[in-house]
Each structure stands twice: as C-alpha cells, then as structure tokens.
Amino acid sequence: MPDPLIVCNAVEFSYSAPSPLTPDPRVLRGLSLAVHRGEHLAIIGPNGSGKSTLARHLNALLRPQRGTVLVRGIDTRDPAGVSLIRQTVGMVFQHPESQMVATIVEEDVAFGPENLGVPHAELRRRVREALETTGMWEARDRPPHLLSAGQKQRVAIAGVLAMRPECLVLDEATSMLDPRGRAEVAQVVLELRRRGTAVVSITHRMDDAAAADRVIVLDAGAVRSEGTPRRVFADPEALRAVGLDLPPAAALAAGMRRRFPTFPAGLLTVDEVVEAVAASLPARRDR
Ligand SMILES: Nc1ncnc2c1ncn2[C@@H]1O[C@H](COP(=O)(O)OP(=O)(O)OP(=O)(O)O)[C@@H](O)[C@H]1O
Ligand SMILES: [Mg+2]
C-alpha cells in the first residue's frame, strides 16, 4: 500500500496553558490517524471532542504542540512546507460566506489559484473544471450572495477544487443545508471519489458517515474506534457511550431485529432495510 496522504502521530494540542481550573486543557490528547489517498473518511464525535481542531491540523492552520502531522511526508511545523500543504489539503467550513471573496462566482473560484500564480489559460481551465464538477458552471456569472445555501457551499467547494487538492476536508459543510443542498454536496463528494480525490467529512449526520469508506470516532481528543461504517455502527453501545447514535435506518433495523430475531443483522441504509422487509413479506401477485 502506498504511504498515506496524511499521518497524524500522537498529536497533542491545547488552546490555553494549564490552570488550577483546567489542569489538563488538551483538546487533542495523543491523537493518531491516517488519511489514505482517494478514500472517503468520515470523522464523527460528540460536540467538543476536537473534530474541528483536528481538521485545522490537517492543513497547517494549527500545528501540534506534541506529536507530528505529516502531509505527503512534509511536517506541518515546517514553515517552508505550508504553501504546498495548503494546496494539497483544502478545507470547507459550515458557513461558505466566510470563504467568499469576490462578487461573481467565477472570480470567486479563480481567487485561490490566481494567488498561486497559475497562468491565465490554465486558470480558466481549472475554474471551468471546478465549476463543472460541482454543477455550478451555469451560475458562473451570478453574484454568490444571491445563491441558495447549497449552491454557495458548492461554489466554496469549487474554490478549493480549483487549487487541485489531493484531499478535501469538509467540516460540517452540510449541516446548514436542506435535504436538496445536502444531496447536491453528496453528489460532488461521489464525483471527487471517482476522480481519486480524498474526502474527509466531519459530520454530525450518521447517515452521511454511513456512506463513507471508513469512519473514525473521536472522543475527548483521541480516536475511540475506527473501521468500515458497517463495523463501527455494529456496536451501538460503544457509540452511545460517547453520546452518538446509529444512522436512522440502522436504528430501525436494530429495532426490527430485537422484535424479529430472524431479521438480518448489520443493515445500514434505507435501501437495505426496505429490501430486508420486502423479502420477509409474503409475495403479492396482484401487482
Ligand atoms: N479558538 C479556540 N479557543 C479556545 N478554545 C477552543 C477554540 N476552538 C475550540 N476550542 C475548544 O476546544 C474544544 C474542542 O473544540 P472543537 O471545535 O475542536 O470540537 P468539535 O468536535 O469540532 O465540536 P463541535 O461538534 O461542536 O463542532 C472545545 O472545548 C472548545 O471549546
Ligand atoms: Mg466542530
């Protein structure tokens, strides 16, 4: 297996010094994880478990006080590497407005690569590709502030994609969006996966996490568990212990199984539950 794209090793981080009230202010407490090239990794954890603090370590917005974060082998504490790290790992947050700088969609998306000194023809190519990937090419001449929240978030993602990152980190990027907006962003994530861009989604939505290749559960600044969604969501007690729930479809399936022990185990998605219920019903010949 090739080297992981990002490696966090025993990372510790505090926003403040120890005090009598908070003798141990560490927000990240020896956190270790890897992000592999091209994977879709979901990071879940209760409020305050350190997810956003971790996200900011993945592209050198924050640096570990102990331990290391390596992006393509470059230590995020090396000032000479920061520019390459920021191009490699792009970040989108909950409020896309905070990332918008221009009055026209196309200019907004061009801003990042323009600052990198990308030549004009190449810049146009990248902007077009990024807007097509996110389905926003038709809106290229519009002012971003007139777009829907889902569209704004797709423009913010396009702005990052125009930098040609190898990894996109979405920190609660869909939590303000309605179902359509979420579906639009989910579609973009699928497209990125197809193109081999790694995606790290930090999310409170367990159904979103269920769609990832791998899930990491964060608790009190350390990795509590890790595995495929099917594995992580097979242990509802462990999730409940850190204040998390099953994806709704998985909770329904678990309830069915308690009531009907022959109901299949390990179902995660609405489609899987529908199939299992359909298979257990008597065949109907009238339609
Ligand atoms: N800029 C900051 N200055 C001081 N403390 C902070 C700062 N940002 C976060 N914290 C604290 O660090 C801890 C972890 O916060 P963080 O935002 O990383 O958690 P999170 O898992 O992203 O939470 P949420 O689910 O609410 O987004 C919290 O106790 C928070 O209050
Ligand atoms: Mg957060």
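We count ligands from 1, going down the list as the structure has it; atoms in each ligand are counted the same way. Only heavy atoms go into these numbers, but all of them, side chains included; no hydrogens, no water, no symmetry mates.
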Undergrad: Tell me, yes or no, whether the heavy-atom count around Arg124 atom CZ, taken from other residues, nucleotides or ligands under 6.0 Å, exceeds 12.
TA: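 Atom CZ in Arg124 is crowded, with more than 12 foreign heavy atoms closer than 6.0 Å.
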
Undergrad: Is the backbone N or O of Leu268 less than 3.5 Å from a side-chain atom of Glu272, with the two atoms forming a donor-acceptor pair by type?
TA: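 Yes: the side chain of Glu272 pairs with the backbone of Leu268.
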
Undergrad: Report the nearest protein non-hydrogen atom to atom 27 (O) of ligand 1: residue, atom name, distance rounded to 0.1 Å.
TA: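 Residue, atom and distance for the closest contact: Ser52 OG, 4.0 Å.
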
Undergrad: Mark up the atoms of ligand 1 that fall under 4.0 Å of a heavy atom belonging to Val27, in ascending order.
TA: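 Ligand 1 atoms under the 4.0 Å threshold to Val27: 12 (O), 13 (C), 14 (C).
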
Undergrad: Can you tell me which residue among His95, His204, Lys51 is in a side-chain hydrogen bond (donor to acceptor under 3.5 Å, both in side chains) with Glu172?
TA: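 Result: among His95, His204, Lys51, His204 is the only option passing the side-chain hydrogen bond (donor to acceptor under 3.5 Å, both in side chains) with Glu172.
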
Undergrad: Enumerate the atoms of ligand 1 whose separation from the nearest heavy atom of His204 is less than 4.0 angstrom.
TA: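 Reading through ligand 1 atom by atom, the close ones are 25 (O).
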
Undergrad: Purely on distance, is any nitrogen or oxygen of Gly48 under 3.5 Å from one on ligand 1?
TA: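 There is such a contact, yes.
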
Undergrad: With heavy atoms of Thr53 as the reference, note each atom of ligand 1 found under 4.0 Å away.
TA: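 In order of numbering, the contacting atoms are 15 (O), 16 (P), 18 (O).
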
Undergrad: Which protein non-hydrogen atom lies closest to atom 19 (O) of ligand 1, naming both residue and atom, and how far is it?
TA: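 That would be Gly50 N, 3.3 Å.
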
Undergrad: Under 4.0 Å from atom 13 (C) of ligand 1, is there any protein heavy atom?
TA: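 It does: a protein heavy atom is found less than 4.0 Å away from atom 13 (C) of ligand 1.
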
Undergrad: Please list, in number order, the atoms of ligand 1 under 4.0 Å from a heavy atom of Ser49.
TA: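 That gives atoms 19 (O), 21 (O) of ligand 1.
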
Undergrad: Quick check on contacts: which atoms of ligand 1 are under 4.0 angstrom from a heavy atom of Pro46?
TA: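 Those atoms are 21 (O).
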
Undergrad: Can any side-chain N or O of Gln153 pair as donor or acceptor with the backbone N or O of Ala173 at less than 3.5 Å?
TA: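 Checked: pair present.
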
Undergrad: Measure from the side-chain N and O atoms of Arg182 to the backbone N and O of Leu177, and report whether any donor-acceptor pair falls under 3.5 Å.
TA: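 Yes, the answer is positive, given that a donor and an acceptor are paired below the 3.5 Å cut-off.
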
Undergrad: Can you find a protein heavy atom under 4.0 Å from atom 31 (O) of ligand 1?
TA: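 No, there is none.
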
Undergrad: Kindly confirm whether the Mg ion (ligand 2) is within less than 2.8 Å of some N/O/S atom in Ser52?
TA: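 Checking Ser52: at least one N, O or S atom is under 2.8 Å.
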
Undergrad: Please say whether Asn47 places an N or O atom under 3.5 Å from an N or O atom belonging to ligand 1.
TA: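 By distance alone, the answer is yes.
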
Undergrad: Give the residue and atom name of whichever protein heavy atom lies nearest to atom 6 (C) of ligand 1, and the separation in Å to one decimal.
TA: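 Here the closest protein heavy atom is Tyr15 CD1, 3.3 Å.
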
